[in-house]
Amino acid sequence: MKFASVIVDVPVMQTDRAFDYKIPDQWQELIKPGMRVIVPFGSRKVQGFVTHLKNESEFKKLKSISELLDLTPCLTSELLNLGNWLTEKTLCFKISAFQAMLPAAMKAKYEKEISIPYGHNREMLNESIQPFFKKSTAIDWKDLEDKLPLRDIQKEIERGHLEVIYKVKQKGNKKTVKMISSNLSKLELREIVDSLPSQAMKQKEILSYFYETKNVESVSMQDLLTVLNCSDASVRTLVKKGYLAETTKEVYRDPYEDRQFKKSLPLVLTTEQTTVIAPILKNIENNSHEVFLMYGVTGSGKTEVYMQAVEAVVRKGKEAIVLVPEISLTPQMVNRFKGRFGSQVAVLHSGLSTGEKYDEWRKIQRKEVKMVVGARSAIFAPFENIGMIIIDEEHESSYKQEENPRYHARDVAIYRAKKHGCPVVLGSATPTLESFARAQKGVYHLLPLTERVNNRSMPTVEIVDMREELRSGNRTMFSTLLLEQLDKRIQKGEQSVLFLNRRGYSSFVMCRDCGYVIGCPHCDISLTYHRHGQKLKCHYCGHEEQMPNQCPECQSEHIRFFGTGTQRVEEELVKVLPQARIIRMDVDTTGRKGAHEKLLTQFGNKEADILLGTQMIAKGLDFPDVTLVGVLTADTMLHLPDFRASEKTFQLLTQVSGRAGRHELPGEVIVQTYTPEHYSVKLASHHNYDIFYETEMILRKQHAYPPFYYIALITVSHPEVTKVAAVTEKIVHHLRRQLSSETRILGPVASPIPRIKDRYRYQCMVKYKRENNLNDILKKVLEHYQQQIHQDDLSISIDLSPSTMM
Ligand SMILES: Nc1ncnc2c1ncn2[C@@H]1O[C@H](COP(=O)(O)OP(=O)(O)OP(=O)(O)O)[C@@H](O)[C@H]1O
Ligand SMILES: [Zn+2]
Ligand SMILES: [Zn+2]
């Protein structure tokens with residue numbers, strides 16, 4: 001092919017299409033769709049993705065591709081199509097869609113080398129290539145780019161005899177192992193073995209290894225020592241004598257390498273589990289596509305069902321994608337999959353370094369693993385033979401990406417699963433109303449798990465009215481009942497989990513005399529107090545200032561922070577329960593890598609009585625001796641300007657309660673609240689999802705919210721408030737004329753946070769049931785304003801399924 005169509009990394013509307021480039025002669029055979037290239041664009045050179053090849057181009061005077069970044073496509077043809085679909089579906093730029101599918105390491109331009117993978121050797125390579133690897137098993141791409149027979153190299157890569165390694169620069173983080181190889185021919189080796197004195201047994205044994213074992217070019221020191229059961233002193237002696245050589249080799253950075261996973265075997269499924277897994281297995285068997293909603297109460301054994309279904313996928317020779325929320329990618333979940341499937345699992349989450357993520361991704365690309373367990377973006381795993389996609393805790397809002405491309409992992413999962421002819425399994429104890437409504441209508445196949453494994457009962461839930469506590473003179477943040485029960489657990493040697501709901505709630509600083517609240521100078525939101533370093537921080541723009549000694553308004557010294565952080569709770573708790581051993585888990589104590597896991601292990605080893613934490617302890621934890629869960633403030637989220645506030649409160653309370661009494665010991669939950677009469681709080685305490693669903697559906701219908709209506713949210717921002725208001729007004733006006741009369745258009749109004757980073761924000765909400773041309777109409781709006789977006793610092797963001805209204 002003579003020409004390549006390339007999507008360039010210039011994310012503006014005018015360039016959101018493919019540009020044609022000439023393919024230089026030496027790369028004619030080499031270039032394939034899905035590869036990254038560098039191309040001249042205007043006066044610059046930019047990265048791009050090749051999407052098509054063609055023999056003709058309608059354009060004359062084309063420029064040539066200037067550099068090749070890949071020798072194997074990093075996007076499969078399925079992912080290229082998916083990118084186009086995402087672009088249509090979320091109104092993002094093509095380049096943003098493609099970039100979202102790749103690990104960060106591939107977004108930048110990294111140096112690369114070509115190397116012979118471990119276990120292979122030079123002789124296996126095509127003769128034209130062999131000379132390049134005479135001195136070393138790896139060569140630098142940059143040094144040899146012009147001289148290398150690229151087509152032959154590409155073939156060897158396809159056969160697995162060579163690999164491309166991107167050198168992600170991370171200081172001191174490159175993983176290497178010591179490799180031992182022989183410098184001599186087999187004949188020479190044998191002569192030396194014969195000439196060694198007979199007491200040099202180990203040395204003889206080591207050298208014999210190199211001429212007796214087929215195809216060993218080199219072996220890691222570690223393996224050599226284990227296989228031959230020898231000391232590294234003997235190996236070193238041979239290196240000193242010049243018979244063997246020692247080199248270092250870069251290997252995968254495996255974040256889980258030094259950990260032992262307890263091997264687990266499939267459990268005998270309960271009757272309910274057997275019933276729900278059957279239709280999933282049938283899908284897998286018949287390569288058919290259905291979306292299942294596994295609606296199972298906490299502790300009903302959903303994870304065991306996932307794992308046995310994944311096993312069936314692997315047996316069929318296919319691959320599985322398992323999505324879990326970032327926050328519950330706790331070691332517990334990873335351990336369960338690694339324990340069952342060992343090295344067949346790749347793990348992808350934000351706690352990994354760029355290099356580690358890239359290495360895990362590469363294992364997927366090279367089909368060295370059979371499954372990936374990961375957060376949202378793992379939905380783009382470049383598997384080519386997918387047999388099932390699982391989304392655990394499908395109600396979690398982290399499955400929606402809040403920046404471009406604004407996709408929901410559930411939609412991508414269903415799109416990919418249709419292409420691959422395989423099932424999607426959505427699991428939750430508290431499904432989103434959208435999913436449950438679809439299951440009710442038969443669009444999804446409902447799979448209920450109504451009981452906990454072994455008929456363990458659901459924990460009893462006690463609601464405590466904190467207003468009453470205050471009236472009866474208790475000014476602490478712990479109710480009398482909660483303290484009593486915590487104390488009882490400590491005496492019995494059982495454990496408790498204390499949950500502080502921090503979302504929608506922060507420790508702000510206020511003057512007690514004049515009521516002045518310290519706000520961010522750039523955003524219309526109060527600053528959050530951080531004890532560490534006595535700092536005030538803005539969570540939206542990062543602005544930071546010192547905690548003042550005086551009120552900036554009235555100079556009073558009575559200025560102090562309000563609200564409850566986990567640190568405060570811990571301090572108070574120590575006062576009232578001095579004998580308690582407490583582990584606190586929050587952003588401050590889990591910042592360092594591995595800290596999260598360490599704290600959980602300590603708690604699991606019963607080195608503490610109470611685990612105190614925020615959202616991050618709400619999910620996935622499974623400890624046998626936890627018999628009490630306390631929720632300090634159940635209702636802080638209820639008052640957020642968000643139509644999902646009740647749903648989120650219900651979900652969270654149910655999840656937290658689910659951490660208690662999962663094993664032999666029965667569990668108890670105490671929920672402290674200022675609004676005990678609210679239906680979310682009440683129904684969560686009765687574990688009654690069904691009534692919650694009905695109640696909430698009535699309200700959603702009344703107020704025209706999902707799942708009865710779809711929502712599109714348009715947010716306009718600009719440094720000048722008049723400009724924002726005017727533009728939003730115009731957009732609303734335009735939409736009123738274009739959209740159908742049943743569609744409701746709300747706005748323009750200031751956003752719930754009216755200013756962020758010195759930019760004013762206005763929004764307009766479109767609620768609709770059917771609007772076939774909505775995407776086109778909205779795209780036209782963007783096109784209309786593109787000049788101003790480009791030159792006048794205007795920003796218009798469109799979210800076609802917003803998960804928050806902020
Ligand atoms: N068939 C089974 N036989 C015995 N034990 C089981 C079985 N299935 C699951 N379990 C055990 O029951 C407990 C709860 O199961 P699991 O964690 O899979 O439930 P879950 O529904 O995923 O929970 P949650 O959503 O609350 O995190 C676990 O300790 C698990 O090992
Ligand atoms: Zn004051
Ligand atoms: Zn700010």
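As the structure is a prediction and not an experimental result, all values here were calculated from the model. Atoms within each ligand, like the ligands themselves, are counted from 1 in listed order.
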Parallel, tilted or perpendicular: which describes the rings of Y295 and F436, with under 30° parallel and over 60° perpendicular? perpendicular
Could a heavy atom of R659 be found less than 4.0 Å from some atom of ligand 1? yes
Between F623 and F603, ring centroids under 6.0 Å: yes
Where does T298 meet ligand 1, judged by heavy-atom distances below 4.0 Å: at the side chain, the backbone, both, or neither? both
S300: heavy atom below 4.0 Å from ligand 1, yes or no? yes
Which bit of L267 is near ligand 1, meaning a heavy atom under 4.0 Å away: side chain, backbone, both or neither? side chain
Answer with yes or no whether the side chains of R489 and T627 bring together a donor and an acceptor at under 3.5 Å. yes
Identify the heavy atoms of D793 and R759 that sit nearest to each other, and give their distance. O-NH2, 2.7 Å
May I ask you to determine how many protein N/O/S atoms are under 2.8 Å from the Zn ion (ligand 3)? 4
Part of R452 with heavy atoms under 4.0 Å of ligand 1, whether side chain, backbone, both or neither: neither
Per atom 30 (C) of ligand 1, closest listed option by heavy atom (E272, R336, E304): R336
Any idea which atoms of ligand 1 are less than 4.0 Å away from a heavy-atom of V268? 1 (N), 2 (C), 3 (N)
Ring-plane angle category for F692 and Y689, please: parallel below 30°, perpendicular beyond 60°, tilted otherwise. tilted
Any sub-3.5 Å donor-acceptor pair from R755's side-chain atoms to P521's backbone N or O? yes
Please determine whether any non-hydrogen atom of A429 lies less than 4.0 Å from an atom of ligand 1. no
